Amino acid sequence: MSEKKLDPRIQAIKTQHTFCMIKPDGVKRGLVGEIIRRIETAGLKVVALKMMTADEEQIRKHYPMSDQAWVDRLGDKGLGTFEEYDLDPVEFLGTSDRSQIGRQVAETLVGYMTSGPVVCMVIEGVQAIDMIRKLAGHTLPFKAEMGTIRGDFSVDSPGVANVEGRAIHNLFHASENPVEAANEVALWFSEADKQKYFRIDETLMYSKHY
Ligand code: UDP
Ligand code: MG
């Protein structure tokens, strides 16, 4: 039976690409296999994969550190925890300004992300961007649900990390939206790195074959 050709917009949803990365703490804790297992058993397809040690320049390109809105949002994530725990950010971080805190966190990220090898991947699948974010769990490990990568395997909070002048160790990175995904895939991989193949179970998972 010939398959009806899908509308290109629907095909794009089915084969959406996203970027994700096992951070240095995930590699050093021996979680590479476990994390990839979770991605694959969720029905998503690894289409590019490499282990490397990133340098500072690459990390400064990866995180949009010149985007003030991104830096402010980074600051806000930490600040929320300080409010929740009734801690004064001025006392512990020297400021309560979201931009300044965001800038401090961004700088700690460079050291963290270059501290050892990372495993970078391009993942393909139905709404892969949201799927991988869901598998990752909340940025802040103490808020990440059990059953997620960050929730099951990490324990950290800005309340301690930011005060200690280090980034939150949360094992895993995942693109948040289509713009971030496109930029990150293009930053870490070339077109030729991306492979095409059929998974034996994909017709059953997301096509009209029973
Ligand atoms: N981060 C941190 N302190 C904070 C907020 C974030 O060290 O208060 C780190 C953490 O490792 C996070 C990364 O900065 O994964 C990027 O932050 P983002 O808000 O983009 O979260 P993600 O997209 O990784 O969930
Ligand atoms: Mg992010």
Side-chain angles (χ1 to χ4, degrees), residues 18-29 31 35 38-39 54 56 58-85 87-90 92-116 118-121 123 128-145 147-188:
T18 190
F19 173 80
C20 66
M21 179 204 279
I22 304 171
K23 295 181 178 183
D25 51 331
V27 173
K28 288 179 189 166
R29 286 182 51 198
L31 290 170
I35 291 171
R38 287 177 178 222
I39 292 168
E56 179 172 343
Q58 181 80 348
I59 296 304
R60 288 191 187 281
K61 285 185 193 154
H62 172 73
Y63 287 116
M65 296 189 183
S66 53
D67 177 350
Q68 194 57 46
W70 184 84
V71 172
D72 289 352
R73 202 203 52 160
L74 201 61
D76 273 338
K77 272 197 185 173
L79 263 176
T81 308
F82 278 78
E83 277 160 25
E84 270 176 53
Y85 287 85
L87 297 169
D88 179 8
V90 179
F92 291 101
L93 306 176
T95 176
S96 60
D97 180 76
R98 64 211 282 250
S99 304
Q100 280 184 33
I101 295 172
R103 183 63 47 211
Q104 287 176 10
V105 173
E107 289 306 316
T108 64
L109 267 174
V110 176
Y112 169 41
M113 299 294 284
T114 57
S115 65
V118 294
V119 172
C120 303
M121 287 172 267
I123 305 297
I129 297 171
D130 287 343
M131 283 291 294
I132 293 284
R133 283 298 291 188
K134 195 156 60 114
L135 286 170
H138 196 285
T139 304
L140 310 181
F142 78 102
K143 290 198 171 171
E145 295 286 349
T148 65
I149 293 164
R150 288 163 166 174
D152 285 351
F153 301 115
S154 66
V155 52
D156 207 0
S157 160
V160 289
N162 293 5
V163 169
E164 290 173 354
R166 61 173 177 80
I168 289 168
H169 296 171
N170 58 5
L171 304 167
F172 189 65
H173 166 83
S175 310
E176 292 182 49
N177 54 54
V179 172
E180 226 175 73
N183 289 341
E184 293 175 359
V185 167
L187 176 66
W188 293 91

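Only heavy atoms go into these numbers, but all of them, side chains included; no hydrogens, no water, no symmetry mates. One-based numbering, in listed order, for ligands and for the atoms of each. Only a predicted model underlies this, so the values are computations on that prediction, with no experimental measurement involved.
- In this structure the side chain of Val160 never reaches within 4.5 angstrom of the side chain of Phe142, judged on heavy atoms.
- Using a 4.0 angstrom heavy-atom cutoff, Arg150 counts as in contact with ligand 1.
- Proximity of Lys77 to Ile168: side-chain heavy atoms (C-beta onward) are nowhere separated by under 4.5 Å.
- Leu31 places none of its side-chain heavy atoms less than 4.5 Å from the side chain of Ile22.
- The contact set between ligand 1 and Glu176, taken as ligand atoms under 4.0 Å from a residue heavy atom, comprises 20 (O), 23 (O).
- Each of the following atoms of ligand 1 lies closer than 4.0 Å to a heavy atom of Gly78: 8 (O).
- Leu79 places a side-chain heavy atom less than 4.5 Å from the side chain of Pro89.
- Contact annotation: Arg133 has at least one heavy atom less than 4.0 Å from an atom of ligand 1.
- Near Pro158, meaning under 4.0 Å from one of its heavy atoms, ligand 1 places the atoms 8 (O).
- Around the Mg ion (ligand 2), the protein N, O or S atoms closer than 2.8 Å are Glu176 OE2, listed by chain and residue number.
- Between Glu180 and Arg133, no side-chain nitrogen of the basic residue sits less than 4.0 Å from a carboxylate oxygen of the acidic one, so the salt-bridge criterion is not met.
- At least one heavy atom of Asn170 sits under 4.0 Å from some atom of ligand 1.
- Atoms of ligand 1 lying under 4.0 Å from at least one heavy atom of Arg73, given by number and element, are 18 (P), 19 (O), 20 (O).
- The residue from Ile168, Thr108, Leu79 that puts a heavy atom closest to atom 4 (C) of ligand 1 is Ile168.
- Atom numbering of ligand 1 starts at 1 in the shown order; those under 4.0 Å from a heavy atom of Ala167 are 7 (O).
- Of the listed options Thr139, Leu109, Ile101, Asp25, Thr139 places a heavy atom closest to atom 21 (O) of ligand 1.
- Ring-plane geometry between His173 and Tyr63 is classed as perpendicular, the angle between the planes exceeding 60 degrees on a 0 to 90 degree scale with a lower cut at 30.
- For a threshold of 3.5 Å applied to N or O pairs, the pair formed by Lys77 and ligand 1 contains at least one separation below that value.
- Aromatic ring orientation, Phe82 versus Phe92: tilted (interplanar angle from 30° to 60°).
- Counting heavy-atom neighbours within 6.0 Å of Glu107 CD, excluding the residue itself, gives a total above 12.
- In this structure, Ile123 and Met131 have side chains that are not in contact, with every pair of non-hydrogen atoms separated by 4.5 Å or more.
- Two residues are said to be in side-chain contact when any heavy atoms from C-beta on lie closer than 4.5 Å; Arg150 and Thr139 meet this criterion.
- Looking at atom 2 (C) of ligand 1, its nearest protein heavy atom turns out to be Val105 CG1, 3.3 Å.
- His62 is listed as a side-chain neighbour of Phe19, based on a closest heavy-atom distance under 4.5 Å.
- Close approach of ligand 1 to Lys23 is summarised as follows: ligand atoms under 4.0 Å from at least one heavy atom of the residue are 11 (O), 12 (C), 15 (O).
- Residues Tyr112 and His169 have side chains in contact (heavy-atom distance under 4.5 Å, counting atoms from C-beta outward).
- Nearest protein heavy-atom neighbour of atom 6 (C) of ligand 1: Leu74 CD1, 3.6 Å.
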Inset, instruction - Would you sort out whether Met113 and Glu56 count as a side chain to side chain contact (heavy atoms under 4.5 Å, CB included), showing the intermediate values? - result: CA-CA 8 Å; Met113 299 294 284; Glu56 179 172 343; over 6 Å; no
